[in-house]
Amino acid sequence: MIDVSDKEITLRRALATGSIIVGKEVFNLIKNREMPKGDPITLAEVAAVLGVKRTSDLIPLCHPLQIDHTSTKIVLDENNFALDVYCLVSANAKTGVEMEAIMGVNAALITIYDLSKIVNPDLLIQQTRLLVKQGGKSGLWINPNGVPEFLSHLK
C-alpha cells in the first residue's frame with residue numbers, strides 16, 4: 001500500500017458514473033415498477049452503499065476509509081433505454097475516495113443487471129468513469145471529457 005502517514009487529512013470527494021443499456025422491454029418494466037424480481041433502482045441504490053463501504057475488501061492495496069457520506073442517483077435515459085448511475089462519496093481522509101465512488105457505481109450497475117437478466121440477458125454495462133474528484137494537494141479535478149449538463153456549474 002502507498003504510505004499516506006505524512007499526508008494531511010482533508011475533505012475528499014469523488015463522483016463517478018456508469019450506465020447500463022437494458023433495452024426497451026426491460027426499460028419499460030423498470031419504469032413502470034413491474035420487474036419480476038423487485039425494483040432494480042431501489043436495490044441498486046442500496047448495493048451502491050454496500051459497494052462503497054466494502055471497496056478496500058475487494059480492491060488489493062486500497063486503503064480502508066471511514067466514509068462520511070455517500071449518495072447515489074439513478075437517471076432513466078428513455079432515448080437509449082438505459083439507466084445512468086451517479087455515485088458521490090465524501091470522507092475526511094489522507095487519501096482519495098475515487099475507488100469507492102467507482103465501486104459504488106459498479107455495484108449498482110451489476111445489481112440492475114442481476115435483476116434484469118431474467119427478462120433479457122442482453123444487457124450492456126458501459127462508460128464507468130470518474131467525473132470529479134476533490135481534496136488533497138491536487139484540489140479539484142473535473143474529467144476533461146466533460147460532465148453531464150447538471151454538473152456544468154463545476155467548470
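This one's a predicted model, so the numbers in the text were calculated from it and none came from an experiment.
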Linking I/L/V/M/F/W/Y whenever their side-chain heavy atoms sit closer than 4.5 Å, directly or via other members, would [X] and [Y] fall into one cluster?
| X | Y | answer |
| --- | --- | --- |
| Val46 | Ile112 | no |
| Phe81 | Leu76 | yes |
| Val49 | Leu65 | no |
| Met35 | Ile125 | yes |
| Ile20 | Val26 | yes |

Kindly compute the distance separating [atom1] ([X]) from [atom2] ([Y]), expressed to the nearest 0.5 Å.
| X | Y | atom1 | atom2 | value |
| --- | --- | --- | --- | --- |
| Leu109 | Ser116 | CG | OG | 10.5 Å |
| Ile2 | Leu61 | CD1 | CG | 8.5 Å |
| Ile41 | Thr72 | CD1 | OG1 | 12.0 Å |
| Tyr86 | Lys73 | OH | NZ | 9.5 Å |
| Glu100 | Ile67 | CD | CD1 | 5.0 Å |
| Met103 | Asp57 | CE | CG | 9.5 Å |

message = Among residues at least two apart in sequence or on other chains, which ones pass side-chain hydrogen bond (donor to acceptor under 3.5 Å, both in side chains) with Ser138?
response =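 So Ser138 forms no side-chain hydrogen bond (donor to acceptor under 3.5 Å, both in side chains) with any residue.
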request  = For the pair Leu11 and Gln134, evaluate side chain to side chain contact (heavy atoms under 4.5 Å, CB included) and give the outcome as yes or no after the intermediate values.
outcome  = CA-CA 8 Å; Leu11 176 61; Gln134 178 183 15; 5.8 Å; no
task = With side chain to side chain contact (heavy atoms under 4.5 Å, CB included) as the test, would you mind laying out the steps for Val75 and Leu83 before giving the verdict?
result = CA-CA 6 Å; Val75 178; Leu83 286 79; over 6 Å; no
Would you name the heavy atoms of [X] and [Y] that are closest together and state the gap between them?
| X | Y | answer |
| --- | --- | --- |
| Ala107 | Gly51 | CB-CA, 4.0 Å |
| Ser19 | Asp84 | CB-OD1, 3.1 Å |
| Val22 | Leu123 | CA-CD2, 3.6 Å |
| Leu131 | Gly146 | CD2-O, 4.0 Å |
| Ala14 | Leu130 | CB-CD1, 4.1 Å |
| Val105 | Gly18 | CG1-N, 3.6 Å |

Would you confirm whether [X], through its side chain, and [Y], through its main-chain N or O, come within 3.5 Å as a donor-acceptor pair?
| X | Y | answer |
| --- | --- | --- |
| Lys94 | Ser5 | yes |
| Asn32 | Glu34 | no |
| Ser90 | Arg13 | no |

request  = Answer yes or no: is there an ion pair linking Asp114 with Lys37, defined by an N-O contact shorter than 4.0 Å?
outcome  =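 Yes, charged N to carboxylate O under 4.0 Å.
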task = Go through Trp141 and Val132 one step at a time and tell me if the side chain to side chain contact (heavy atoms under 4.5 Å, CB included) criterion holds.
result = CA-CA 6 Å; Trp141 177 86; Val132 179; 5.8 Å; no
request  = Apply salt bridge (charged side-chain N to carboxylate O under 4.0 Å, His left out) to Lys137 and Glu8, showing your working.
outcome  = CA-CA 9 Å; Lys137 288 192 297 186; Glu8 296 280 331; over 6 Å; no
Residue pair Asp77, Asn80: steps toward the side chain to side chain contact (heavy atoms under 4.5 Å, CB included) verdict = CA-CA 6 Å; Asp77 176 357; Asn80 297 306; 2.7 Å; yes
query = Does the side chain of Thr10 pick up a donor-acceptor pair with the side chain of Arg12 at under 3.5 Å?
reply =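 Present: a donor and an acceptor within the cut-off.
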ask   = For Arg33, does the CZ atom sit with more than 12 other heavy atoms under 6.0 Å from it, leaving out its own atoms?
value =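 Open.
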inquiry  = Ile21: which residues meet the side-chain contact (heavy atoms from CB on, under 4.5 Å) condition with it, sequence neighbours left out?
reply    =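 Counting only residues at least two positions away or on another chain, Ile21 forms a side-chain contact (heavy atoms from CB on, under 4.5 Å) with Ala82, Leu124, Gln126.
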message = With a 4.5 Å cut-off on side-chain heavy atoms, are Thr17 and Gln127 touching?
response =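 Gln127 does not reach Thr17 side chain to side chain.
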query = Between Val89, Leu88, Val97, which is the residue that forms a side-chain contact (heavy atoms from CB on, under 4.5 Å) with Thr70?
reply =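 It is Val89, the one option of Val89, Leu88, Val97 that forms the side-chain contact (heavy atoms from CB on, under 4.5 Å) with Thr70.
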